[in-house]
Amino acid sequence: MSHLIIKDLAYQYNATHVLSELNLNVEQDEIVCLLGASGCGKTTTLKAIAGILQPEQGYMSIDSKVVNDSGLFVAPEKRNIGMMFQDYALFPHLTVSDNIAFGLSNMSKAQKRERVDEMLSLVKLDGCAQRYPHQLSGGQQQRVAIARALAYKPSLLLLDEPFSNIDTQVRFELIADIRRIIKAQQVSAVFVTHSKEEAFAFADTLAVMHGGKIAQQGSPEQLFSQPNSKVVAEFLGTGIYLTAKVLTPTEYETAFGVVQSLTASNTNCQQGQVYIRPHHIQLCEAAHSDANSLTILHRRFIGTRYVYRINIAGQECEVAAEQDRVLAVEQPVKIKIMPHTVNFFHD
Ligand SMILES: Nc1ncnc2c1ncn2[C@@H]1O[C@H](COP(=O)(O)OP(=O)(O)OP(=O)(O)O)[C@@H](O)[C@H]1O
């Protein structure tokens, strides 16, 4: 049985539908990331889960307890949810220790101290109990925020862009740490970001939102290699579309040769488009310029190698060259599409 179940959720702001027919499942101990373009409804979904917003319709249960249904709405404070937001939201006038203890009611002083010490050790801030938030780095403040959110053992944790204020250099270290902390506490979590890199690093499962719904939910690998729509394919990474004719379940004819797929498609369509990601395209030198060759528009050094900007079928993309060869701008080149699990979308 899933820990969080959302069925057919709808919400509107001032008669504008923001969420409609939204379905989402979060398993016990699972971290699900809501991912999507700005304004697609991620924060609204979190607020609906928290009970800060009352949905127009829909069913929702948390840990087998129904919190939303027709004629039923459970108040936020009765949902046993922990929250963590991008701006830390720590109380500036309280010490780290008092911030963590803030939500702990119905506990003796000794129990509170024990729980705070346990949380400080979990987030590796043992020596910082008496400091104030302004005496901590951004990453340390987020560790306090997660300690506070987890201190009263919530049933579900909601995180809204918790890493967006953190310096890029330490961000991925913090992401790995907070993931470890959440896993150690065996709590289910819903995390919101617009960064797919953060989503890949933090979540077990991604749920890509589009048009107020979940367009697809699955593992990062599944969504990246088998997107169910162009929206999901494009959101998870750049690529180009090539007009394609289905020759066999594993072969697609394009203007750049036959593209081999490593998995068989079960489409009945003959005609459509294949979405090719840059890392499946290889550039090779062309002896001379002809109708089938392309031209390098720009060359960029990225530390370990060069990437080249070319225009393929009217779409610009950056691709790597064969082996370690260095190619020149305006040099004629050909492309080779490597065999891979091809994403085919019918017309
Ligand atoms: N209080 C509000 N009143 C009216 N419209 C709102 C309100 N809050 C959000 N919206 C609108 O609802 C839509 C969804 O907003 P939401 O904040 O959920 O998106 P989001 O996916 O979290 O975006 P972002 O990634 O930019 O934070 C947007 O079009 C937004 O302008």
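Whatever order the structure lists ligands and atoms in, that order sets their numbers, starting from 1. Note that the structure is predicted; figures quoted are calculated from it, not measured.
Within ligand 1, the atoms closer than 4.0 Å to a non-hydrogen atom of Cys40 are 19 (O), 21 (O), numbered from 1 in the order shown. Residue-ligand proximity, Thr44 to ligand 1, at heavy-atom distances under 4.0 Å covers atoms 14 (C), 15 (O), 16 (P), 18 (O).
Interatomic distance, OG of Ser188 versus CG of Leu4, reported as 8.0 Å (0.5 Å rounding).
Between Asp98 and Arg148, none of the side-chain N atoms (NZ, or NE/NH1/NH2) sits under 4.0 Å from a carboxylate O, so this pair counts as no salt bridge. Using a 4.0 Å cut-off between charged side-chain N and carboxylate O, Asp29 and Lys183 make no salt bridge.
Sorted by first and then second residue, the pairs that involve residues 34-51 and meet side-chain hydrogen bond (donor to acceptor under 3.5 Å, both in side chains), not counting sequence neighbours, are Tyr13-Thr44, Thr43-Asp160.
By heavy-atom distance, the residue among Gly36, Gly212, Ser38, Gly39 lying nearest atom 14 (C) of ligand 1 is Gly39.
If you look at Phe172 and Phe163, their ring centroids are not closer than 6.0 Å.
In this structure, the protein non-hydrogen atom closest to atom 6 (C) of ligand 1 is Tyr13 CD1, 3.3 Å.
Between Asn14 and ligand 1, not a single N/O pair is under 3.5 Å apart. Below 3.5 Å of separation, one finds an N or O of Gly41 facing an N or O of ligand 1.
With a 4.0 Å cut-off on non-hydrogen atoms, Thr43 touches ligand 1 through its backbone as well as its side chain. Residue-level proximity to ligand 1 for Lys42 is carried by backbone and side chain together, each with a heavy atom below 4.0 angstrom.
Considering only heavy atoms from C-beta on, Met338 stays 4.5 Å or farther from Gln260 through its side chain.
When distances from atom 2 (C) of ligand 1 to the protein are checked, a heavy atom turns up under 4.0 Å. At a distance under 4.0 Å, no protein heavy atom can be found next to atom 31 (O) of ligand 1.
If you chain together ILVMFWY residues whose side-chain heavy atoms come under 4.5 Å of each other, Phe235 ends up grouped with Leu35, Phe200, Leu206, Val208, Leu223, Phe224, Val232, Leu236.
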